[in-house]
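Presented below is the structure to which this report refers.
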Amino acid sequence: MGSCGTVGPVRARYLVFFQYLGTDFNGVAAVRGNHRAVGVQNFLEEAAKRLNSVEPVRFTISSRTDAGVHALSNAAHLDICRRSGLPPYSPEVVTQALNTHLKHRDIRVLKAFRVPNDFHARRAATSRTYLYRLATGCSWPDQLPVFEQNVCWALQTKCLDVAAMQEAAQHLVGTHDFSAFQSAGSPTTNPVRTLRRVSVSSGPASLFALPQESRKLQFWTLEFESQSFLYRQVRRMTAVLVAVGQGTLTPTQVKAILESQDPLGKYQTRVAPARGLFLKSVLYDDFGPTS
């Protein structure tokens, strides 16, 4: 294991999995020097101060999420350097300490693992899955139960052509140049990604809807799996698939949009709202919440 300085303390690296409700945050990444905006990472690093590392603890986030986007399970690695002679913390202690000292109730650390000092949470991830929740049957968005309003996209339509959406989704599966679904500001220069899976299915009924509302409301779930995604790729693909479900686009047009590689076309500039998007999982070969 690596040293934290020239002599003495020993650095221990951990992989932590954590979840958050993204409504109150300016995304997952830390916001530096702006007291009006805050990221999930700010709270994690503040809690980590109580671990008494001799060097500041910084979280390297696996998957960046935008303001308002949620995570059922995101991941990050961090280094903790204890004073000379003190053994590294166990993963269980790291998990408990972070949860004890987190100052925002919308964040929870799920599990921690001790990993090699050259492990990198972003580069080592083998799979990422995003989930998007839709609701139909609302004449107006404010007719959605208040408990659902920040965690799904309420469509002002009674139904969706799910079969057409599923057909359109298959045009996106595989290795493609996804430039048409990339928003400006992406840090990557390579728009080629391999989308392993896209699914469109009926979601479970809401536990928060009254019986008279449940008869009208229908929830739907879209899932996207890839090793990595472009900036806002999932929200742009979702918006196009919703347009297919509403009859505005055909599955063949989705194929044409993909092949156009044009991010500024008439339909591909649409972006689904952040509130319906969840990072469902980040997977690694040897580590995970269920290991």
Side-chain angles (χ1 to χ4, degrees), residues 1-22 24-65 69-128 187 227-228 279-291:
M1 294 297 178
S3 170
C4 294
T6 54
V7 293
V10 175
R11 176 183 292 108
R13 179 162 291 188
Y14 300 85
L15 171 66
V16 298
F17 291 86
F18 57 100
Q19 63 182 195
Y20 48 90
L21 187 66
D24 290 345
F25 304 111
N26 195 59
V28 67
V31 179
R32 312 293 185 188
N34 183 347
H35 298 294
R36 294 187 177 183
V38 67
V40 173
Q41 184 179 354
N42 292 102
F43 285 95
L44 290 169
E45 290 180 352
E46 184 66 26
K49 290 180 180 179
R50 303 299 292 271
L51 293 165
N52 297 318
S53 175
V54 299
E55 291 185 354
V57 176
R58 292 287 180 261
F59 282 65
T60 298
I61 306 294
S62 168
S63 303
R64 291 179 69 110
T65 57
V69 176
H70 320 290
L72 298 176
S73 180
N74 203 340
H77 77 253
L78 62 145
D79 293 334
I80 301 172
C81 201
R82 301 195 73 191
R83 293 192 304 274
S84 180
L86 294 178
Y89 290 117
S90 70
E92 292 76 18
V93 167
V94 171
T95 301
Q96 182 178 0
L98 290 174
N99 280 328
T100 298
H101 298 294
L102 274 167
K103 294 182 179 179
H104 203 297
R105 65 183 63 187
D106 290 344
I107 309 170
R108 182 169 73 101
V109 175
L110 301 170
K111 197 164 186 178
F113 296 86
R114 183 79 184 277
V115 293
N117 281 3
D118 61 352
F119 179 90
H120 197 283
R122 186 177 68 254
R123 294 194 290 265
T126 57
S127 173
R128 294 172 174 87
Q227 184 174 11
S228 63
L279 175 59
K280 182 180 179 181
S281 64
V282 182
L283 301 183
Y284 299 88
D285 284 338
D286 300 313
F287 308 100
T290 58
S291 296

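Worth saying up front: this structure is predicted, and the values here are computed from it rather than measured.
Remark: Gln227 engages Arg196 in a side-chain contact (heavy atoms from CB on, under 4.5 Å) (not counting sequence neighbours). The side-chain contact (heavy atoms from CB on, under 4.5 Å) test applied to Ala71 returns Tyr20, Asn74, Leu279, not counting sequence neighbours. In this view, Asn99 and Thr95, Leu102, Arg108, Val109 satisfy the side-chain contact (heavy atoms from CB on, under 4.5 Å) rule, not counting sequence neighbours. Here Asp79 pairs with Arg13 under the side chain to side chain donor-acceptor pair (under 3.5 Å) rule; sequence neighbours left out. The side chain to side chain donor-acceptor pair (under 3.5 Å) search around Gln96 returns none, not counting sequence neighbours. Residues passing the side chain to side chain donor-acceptor pair (under 3.5 Å) test with Arg128, sequence neighbours excluded: Ser62, Ser63. Ser281 is linked by a side chain to side chain donor-acceptor pair (under 3.5 Å) to nothing, counting only residues two or more places apart in sequence or in another chain. By the side-chain contact (heavy atoms from CB on, under 4.5 Å) test, Thr126 is found to be paired with Leu283, Asp285, residues two or more places apart in sequence or in another chain being considered.
Pairs passing the ring-ring contact (aromatic ring centres under 6.0 Å, His included) check and including a residue from residues 70-89, sequence neighbours excluded, read His70-Phe278, His77-His120.
Note that CZ of Arg11 and CD1 of Ile80 are 11.5 Å apart. Values are rounded to the nearest 0.5 Å. Leu78 CG to Phe59 CZ: the interatomic distance, rounded to the nearest 0.5 Å, is 4.5 Å.
Residue Arg50 places its CZ atom among 12 or fewer non-hydrogen atoms of other residues, nucleotides or ligands, all under 6.0 Å distant.
Two rings, from Tyr284 and Phe119, have their centers less than 6.0 Å apart.
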